[in-house]
Amino acid sequence: MKRLLIFISLIIVTLAVYAKPPQLTVEQFFDGRFNKEKSVSTSISKSNGTYYRILKVTDNPDIVRKIAESLSKDELKADSYTQQTGAGGRSIVVRIMNNDATIVIGFQEAPSGKSATLFIKGPEEAFR
């Protein structure tokens, strides 16, 4: 009986660890810290079980640099990573699996490095 209880406890602990939120570093940019910045606009929406956030930065290279640094930390958790660089700037797409669902992070940086767009998209269960 004691072994059965230990076995059940181990299963519960394993499931709890598996189902934890992804703790993305880029999520910090949606916590309201830039609400008073004229160079930043954010939008957050939920529709049909999909959670979507977008942040647009215009003419603020410091924030663009911080986002790029933060995204590089999330790349370590990625199941897939794509980067394209060219005359139109830099584009990065990162896919991270969590709770059997895919979170997609996209980053588009202007060639000047002063403007960028960041988005995070995925089913709501991926963020739990």
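One-based numbering along the sequence shown. This structure is a prediction, so every number in the text was calculated from the model and none was measured.
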*Could you give me the CA-CA distance, side-chain angles and deciding distance for Val40 and Lys56, then say whether side chain to side chain contact (heavy atoms under 4.5 Å, CB included) is met?*
CA-CA 6 Å; Val40 178; Lys56 293 182 181 183; over 6 Å; no
Under the 3.5 angstrom rule, does the side chain of [X] hit a backbone N or O of [Y] as a donor-acceptor pair?
{"X": "Ser91", "Y": "Gln84", "value": "no"}
{"X": "Asp74", "Y": "Leu24", "value": "no"}
{"X": "Asn99", "Y": "Ala126", "value": "no"}

Non-hydrogen side-chain atoms of [X] and [Y] separated by less than 4.5 Å:
{"X": "Glu27", "Y": "Thr25", "result": "no"}
{"X": "Gln108", "Y": "Phe119", "result": "no"}
{"X": "Ile92", "Y": "Tyr81", "result": "yes"}
{"X": "Leu55", "Y": "Phe30", "result": "yes"}
{"X": "Tyr51", "Y": "Ile44", "result": "yes"}

Give the minimum heavy-atom separation between [X] and [Y], together with the two atoms involved.
{"X": "Val93", "Y": "Arg95", "result": "CG1-NH1, 3.4 Å"}
{"X": "Thr102", "Y": "Pro123", "result": "O-CD, 3.4 Å"}
{"X": "Ala87", "Y": "Pro111", "result": "O-CG, 3.2 Å"}
{"X": "Met97", "Y": "Asp79", "result": "N-OD2, 2.6 Å"}

*For Phe127, is the NZ or CZ atom of Arg53 found under 6.0 angstrom from the centre of its six-membered ring and inside 45 degrees of the ring axis?*
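Positive - Arg53 is close enough to the ring of Phe127 and near enough to its axis.
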Just verifying a value: how many Å separate [X] [atom1] and [Y] [atom2], rounded to the nearest 0.5 Å?
{"X": "Ile67", "Y": "Gln28", "atom1": "CD1", "atom2": "CD", "answer": "9.0 Å"}
{"X": "Ile105", "Y": "Lys77", "atom1": "CD1", "atom2": "NZ", "answer": "8.5 Å"}
{"X": "Glu109", "Y": "Arg65", "atom1": "CD", "atom2": "CZ", "answer": "11.5 Å"}
{"X": "Ser41", "Y": "Asn35", "atom1": "OG", "atom2": "CG", "answer": "10.5 Å"}

*Which word best sums up how the rings of Phe29 and Phe34 line up, parallel for under 30°, tilted for 30 to 60°, or perpendicular for over 60°?*
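The rings of Phe29 and Phe34 lie parallel, inter-plane angle below 30°.
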*asked:* Do Val26 and Ile54 sit in one hydrophobic cluster, given that two such residues count as connected whenever their side-chain heavy atoms are within less than 4.5 Å of each other, even indirectly?
replied: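 No, because Val26 and Ile54 fall into different hydrophobic clusters, even though each may have its own neighbours under 4.5 Å.
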*Any residue meeting side chain to side chain donor-acceptor pair (under 3.5 Å) with Asp31, in chain and number order, not counting sequence neighbours*: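 For Asp31, the residues satisfying side chain to side chain donor-acceptor pair (under 3.5 Å) (neighbours in sequence not counted) are Arg33.
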*Can you name the residues that form a side chain to side chain donor-acceptor pair (under 3.5 Å) with Thr42, not counting sequence neighbours?*
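Expected list: none.
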*Do the side-chain N and O atoms of Ser39 and Asp59 include a donor-acceptor pair separated by under 3.5 angstrom?*
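On atom types as modelled, these side chains do not qualify, holding no pair under 3.5 Å.
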*Evaluate side chain to side chain contact (heavy atoms under 4.5 Å, CB included) for Phe107 paired with Val64, printing each intermediate quantity in order.*
CA-CA 10 Å; Phe107 176 71; Val64 172; 4.2 Å; yes
*Is there any side-chain hydrogen bond (donor to acceptor under 3.5 Å, both in side chains) pair reaching into residues 114-126, and which pairs are they, with sequence neighbours excluded?*
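Applying side-chain hydrogen bond (donor to acceptor under 3.5 Å, both in side chains) to every pair that reaches into residues 114-126, excluding sequence neighbours, yields nothing.
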*Considering only NZ, NE, NH1 and NH2 on the basic side and carboxylate oxygens on the acidic side, decide whether Glu69 and Lys73 come within less than 4.0 Å.*
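No salt bridge links Glu69 with Lys73.
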*Taking it one step at a time, do Val104 and Val94 satisfy side chain to side chain contact (heavy atoms under 4.5 Å, CB included)?*
CA-CA 6 Å; Val104 179; Val94 176; over 6 Å; no
